[in-house]
Amino acid sequence: MEIDIFTLFPEWFAWFETQRHVRNAVEQGHRLGYVNYRDHTPLRGGQVDDAPFGGGAGMVLRVDVADAALRARYATDAAGVRAQRRVIALTPGGRILDDELVDELAAEPALTLLCGRYEGFDERILEHLASDRVSIGRYVLAGGELAAMVVCDAVLRKLPGALGDARSAVEESFSQALDGAPEYPHYTRPADFRGWVVPPVLLSGHHEEIRRWRLEQSRLRG
Ligand code: 6GU
């Protein structure tokens, strides 16, 4: 998979890329790329945003800037990029990211993530350049960068080889294997800590009973 992130702050992602599962994904041949809107603005002085028509607080990412950045990256008409790959605008009003959407995105060969800033995007970016709008929850962040990292984190860990043990991504919270319910509880050594004991079934060695217990616990939390 190839993920391109359009942002004013590409350097923020250096920290994100130090995560083990992200490094694993990159070592497996997956690729994260960055485009700084500022490198492609057709305006003098590096301007990328502007005050909203009609007045009001904040600044809005300009449509001509997003258009130029997409055109520079893909060497094609910016409005045609979304026919080739999903172009996802990160915006609080978008489709809420959940396990189903993460699976959907993880199956794509290539993704483009557009981060907005300040008050977000000129609506024409959403209408004519993006194919999707995604939100990570019903609250407002100062920009799309953290949301882009959340999307990348969740998507990359679904890719084969990203996790140390591939089973981790199958039977986990909200997965089909657990009928969409949260994951069952986990315990590790010591088996007894201050009298807080591990459920005996987990120490029993009866794999079928353990499997049933975990499913039941998952359902109870669902
Ligand atoms: Cl994707 N962007 C911003 N700015 N705020 C958000 C969000 C995205 N998702 C939840 N809040």
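Order of listing sets the numbers, starting from 1, for every ligand and every atom in it.
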message: Please list, in number order, the atoms of ligand 1 under 4.0 Å from a heavy atom of A147.
response: 1 (Cl), 8 (C)
field: Backbone of A162 reached by a side-chain donor or acceptor of N24 within 3.5 Å
entry: yes
statement: Filtering V150, V134, L141 for the heavy atom nearest atom 5 (N) of ligand 1 leaves L141
query: Does the side chain of R86 reach to within under 4.5 Å of the side chain of E104, using non-hydrogen atoms?
result: yes
task: Given side-chain contact (heavy atoms from CB on, under 4.5 Å), test Q28 with L159 step by step and report yes or no.
output: CA-CA 9 Å; Q28 305 269 330; L159 301 178; over 6 Å; no
message: So if I count the atoms of ligand 1 from 1 in the order they appear, which ones are less than 4.0 Å from some heavy atom of I136?
response: 9 (N), 10 (C)
message: Go through it in stages, so that I can follow the logic: the residues are L114 and I125, the test is side-chain contact (heavy atoms from CB on, under 4.5 Å), and I'd like the CA-CA distance, side-chain angles, deciding distance and then a yes or no.
response: CA-CA 10 Å; L114 303 181; I125 297 172; 4.0 Å; yes
